[in-house]
Amino acid sequence: MGHRRRMEFLPFVLLASFFLATGDGAAAAAPFVPADNFLLDCGATTSGPMPDGRAFLTDAQSAAFLSGASTGDDHSASVSAAAPPPPPVGVPSPIYLSARIFTGDASYVFKLTRPGWHWIRLHFFPVKATGFELTRAVFSVITDDHVLLHSFNAGDPTAWTFKEYLVNATSPRLSLRFSPQRNSVAFVNAIEIVSAPDDLIPDSAASLFPVGSAAAVGGGTAFQTAYRINIGGPTITPANDTLFRSWEQDARFLQSRSTAERVNVSPAIVAFPSGAATDLAAPNWVYASGVKMADTRVGRRNFNISWQLDVDPSFAYLIRLHFCDIISKSLNDLYFNVYVNQRMAVSGLDLSTLTGALATAYYRDFLVNASLAGDRITVQVGPMAEDAGKVDALLNGLEILKMSNSVGSLDGEFGVSGDSAADAGNGDSGRHAAAAVGLTLMFGAFAGLGVMVVKWYGRPQDWEKRNSFSSWLLPLHGGGHSSFMTSKGSSASFFGSHRSGGGVGFSSTMGLGRYFSFQELQEATGEFDRAAVIGVGGFGEVFLGQIDDGTKVAVKRGNPQSEQGIAEFQTEIQMLSKLRHRHLVSLIGYCDENSEMILVYEYMANGPFRDHLYGKELPSLTWRQRLEICIGAARGLHYLHTGAAQGIIHRDVKTTNILLDEGLVAKVSDFGLSKEGPAMGAAAVSTAVKGSFGYLDPEYFRRQQLTDTSDVYSFGVVLLEALCARPALSPALPREQVNLAEWAMQWKKKGRLEEIVDPVLAGAINLESMNKFAEAAEKCLAEHGVDRPSMGDVLWNLEYALQLHDASPPEVPLAPAAASPSPERTTAAAAGHPEDNSANPAVDELLAQIAGMKGR
């Protein structure tokens, strides 16, 4: 709801019981009467009661709040639509049929009766206005302390836009400034400034990591409604909400409808316990409907119900989940787990114990920082592994609120005063707090250095053969961890604090997830059975395992005798401690016992992308599947390049490091060669050449200067592999065909690229889509890095290629392919280095050249 789109208030008939029940639940809060309630119908010459019963002020009445534009018509103009737009463009309220236009900066200033939390609701619809083209208007909207919109453009003349914010006004005056870009205008159709309950936003919320820990929300934080969803129920309009909010249906976010069963009861039976949830958190209609696990009637149900929602990866989010046990017949019979972005949010949620009754409202808040959120938030509910009560799970409502960044912006990285979030860092305490923290860290660093020196000189003679591998991974430069050489059995280690002696614990600093004992991983992998090996590399081996809850995992067991392995393992740990994204392979946990160094990753059931293109007898991928896989990988790489303050360069992008899960969702893996991007002001990172031949950026190879465009070049080769279904290097072929990138680009220049496309795609690929795809690959493969696009630009072109394909998909089916082997086939799993280059003199010579350069 907080993002721009056409709001689909689907028509429905509210039952009489709904009107009778609203506010009638036990201990429901008294109707909320806002101290401030400014409703402006901007541009309107007349204004009557709206469909929700509220009365808005006309434009003439609203002028009293204007500052700057009120001095003359040369700064503003008011227009009204001659007639309501024809269906299906119809808008939900008359407030969208007029607008006020600003040719320069203008502010609305509101004198508040009572400072505190206030809704700011903005309505936009580019009505036709003489002398103005509002679809081209680009402008920003700013309060005293927060950027609400930056370079906003309504664009689509058929779509209306609704933006909702929640800000904590600390003074008796709240201003709202509209600032058009140069040679443009700003406009607004309607404005709402309305008081919100003081306790609507919590002082703190549960953090996803470590599980159960609390994180402060901060009174200076502003929020934007990203989503507000009535799970399992109908759309709820402002007229039927206790705080005039809108709740949409969940159908478009539900991932598998076959796993979900919608349930509902009369809203009148929903109770609101005294001192806990009230109907101001959500109306009883939200709690009276929900989704539970579908009854498969085939053995024990063991699946999760999932909702996925796209979000801006640059921001943190407050997630509020609403629950009400409307499916149990008795107390303490329903226990289930709640997950957010594949992390345990609540284990064994027992609603009846928490509320003391059935059909009673309850909600739980969670904070998800930007690194955990990525570009998508997934909420799941599912049964507990233990036999405890009925096998079921339930969710009734879901809210996702975007949180302002460190400089107070909700759109972009710059604050009201022009400060950059990248410069301000992730803290919320301002420059003075940052200086204090920096001073503290400086003294801490000196103290830590002293401790390390003492420990170093006091180390035992046989230190290299003792203890955990924490000792021989020093020094680490990431994360600020104070882990030195620890004695066996100590709970402090390289990974951070955990429960010594086994069991489940959590790293407190590194974000490495669950702690596994060595015995647990022995059991998970069948004593590290050789038959379970699914990947081998310089670090050691990767085993397929199954942990206690039945989840399959990839277990990477490091080899302490391999110097290359130690270095790559160290790099991977540094990267994984700060990387979380839907299109990056996720780390589940780790083991730090004795001389073992083990990381546990999610198991990617469909293995490497390359296996599905050539070399394995697997079903051929459709053109659309290949596009989606390439788009997913591009999203992961784009996050690497832009998600961290300094950016991360993967340095080994190839089809074996793009892994596919059971749904063929692509995830980038193997960060052992990754490198932080160039420091501020630097153009590149000087480093020895590493990577895989066939994918290596020739400019990087020549100059040993690494930039993120080196990843872009490698990804261009990946795109050609997807198109042509052949290796990047094939030494057995004629000389002109050995290098895929050179060979394919020659055919493209001849305008005959379709002649070397994977034969199974013949007649099943949209030529416009293929040409846009090939154009993206060609740009990636530019000789000089400065001529290559960013990963964001590559992603845009690939998504465009997908749109072209969907607009006119060919009807010719794929050629028949060989049957798929067993799902237990040995495929490369997360973080492996699988290679299939057979012995070949030409390849050996190339590798020898690389080896010679590494020592420089």
Side-chain angles (χ1 to χ4, degrees), residues 2-4 105 120 122 138-153 163 165-168 176-182 184 186 217-218 220-226 310-318 367-377 400-435 437-438 578-581 635-649 676-683 707-708 789-796:
H3 57 289
R4 181 185 168 275
D105 281 10
I120 298 179
L122 305 177
V138 180
F139 56 94
S140 299
V141 183
I142 301 168
T143 70
D144 300 293
D145 303 308
H146 300 284
V147 175
L148 305 184
L149 289 171
H150 175 69
S151 298
F152 170 74
N153 170 244
K163 302 281 187 179
Y165 306 91
L166 192 58
V167 300
N168 191 11
L176 199 62
R177 175 159 58 94
F178 291 79
S179 181
Q181 279 193 359
R182 187 176 181 180
S184 187
V217 174
T221 304
F223 300 86
Q224 179 182 352
T225 304
D310 293 332
V311 294
D312 186 333
S314 304
F315 293 86
Y317 292 85
L318 175 67
L367 282 181
V368 182
N369 62 35
S371 62
L372 289 179
D375 62 357
R376 181 169 295 180
I377 288 178
I400 297 181
L401 303 180
K402 181 199 291 187
M403 302 172 64
S404 58
N405 61 18
S406 56
V407 293
S409 175
L410 282 160
D411 189 12
E413 65 172 274
F414 294 100
V416 174
S417 61
D419 295 340
S420 169
D423 296 334
N426 296 323
D428 296 314
S429 303
R431 296 178 181 175
H432 296 294
V437 171
K578 53 191 173 186
L579 297 176
R580 283 290 183 270
H581 192 272
R635 285 176 177 159
L637 291 171
H638 178 55
Y639 169 74
L640 282 182
H641 292 174
T642 62
Q646 200 166 325
I648 292 170
I649 304 170
E676 285 190 341
M680 186 69 69
T707 69
D708 55 9
S790 67
M791 281 308 306
D793 293 332
V794 177
L795 176 59
W796 187 92

Point to revise | Among L149, V141, L401, T143, the one residue meeting side chain to side chain contact (heavy atoms under 4.5 Å, CB included) with Y165 | key: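 The option that passes is L149.
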Point to revise | Candidates L410, L367, V368, N369 - the one meeting side chain to side chain contact (heavy atoms under 4.5 Å, CB included) with M403 | key: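 The option that passes is L367.
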key: F139 and F178 aromatic ring geometry - parallel, tilted or perpendicular at 30°/60° bounds   =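 Rings of F178 and F139: tilted, as their planes differ by 30° to 60°.
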Heavy-atom closest pair, residues [X] and [Y]:
| X | Y | answer |
| --- | --- | --- |
| V217 | T221 | O-OG1, 2.9 Å |
| D105 | R177 | OD2-NH1, 3.6 Å |
| H150 | D411 | N-OD2, 2.8 Å |
| A226 | Y317 | CB-CE2, 4.5 Å |
| G220 | S404 | O-OG, 4.4 Å |
| A222 | V167 | CB-CG1, 3.9 Å |

Is a side-chain donor or acceptor of [X] paired with a backbone partner of [Y] at a separation under 3.5 angstrom?
| X | Y | result |
| --- | --- | --- |
| D375 | P313 | no |
| N405 | G412 | yes |
| T642 | H638 | yes |
| H641 | G647 | no |
| S184 | V138 | yes |

### Task
Measure the shortest side-chain to side-chain distance between K163 and F152 over non-hydrogen atoms and say whether it is less than 4.5 angstrom.
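SC-SC contact between K163 and F152 confirmed.
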| message | Less than 4.5 Å apart, side chain to side chain, heavy atoms only: is that true for V147 and V416? | response |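 In contact.
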*Take L148 and I142 through the side-chain contact (heavy atoms from CB on, under 4.5 Å) test and state the conclusion after the steps.*
CA-CA 6 Å; L148 305 184; I142 301 168; over 6 Å; no
With rounding to the nearest 0.5 Å, note down the distance linking [atom1] in [X] to [atom2] in [Y].
| X | Y | atom1 | atom2 | answer |
| --- | --- | --- | --- | --- |
| M791 | R635 | CE | CZ | 11.5 Å |
| H146 | N168 | NE2 | CG | 8.0 Å |
| K402 | T225 | NZ | OG1 | 11.0 Å |

Any donor-acceptor N or O pair under 3.5 Å, side chains E413, S314: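 Note: E413 and S314 side chains miss the donor-acceptor criterion.
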query: With sequence neighbours left out, what residues match S140 under side chain to side chain donor-acceptor pair (under 3.5 Å)?
result: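 Not a single residue meets the side chain to side chain donor-acceptor pair (under 3.5 Å) criterion with S140.
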Exercise for the section: Provide the full list of salt bridge (charged side-chain N to carboxylate O under 4.0 Å, His left out) pairs with a residue in residues 140-149, sequence neighbours left out, each pair given once. Expected result: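 Passing the test, one end in residues 140-149: D144-R173.
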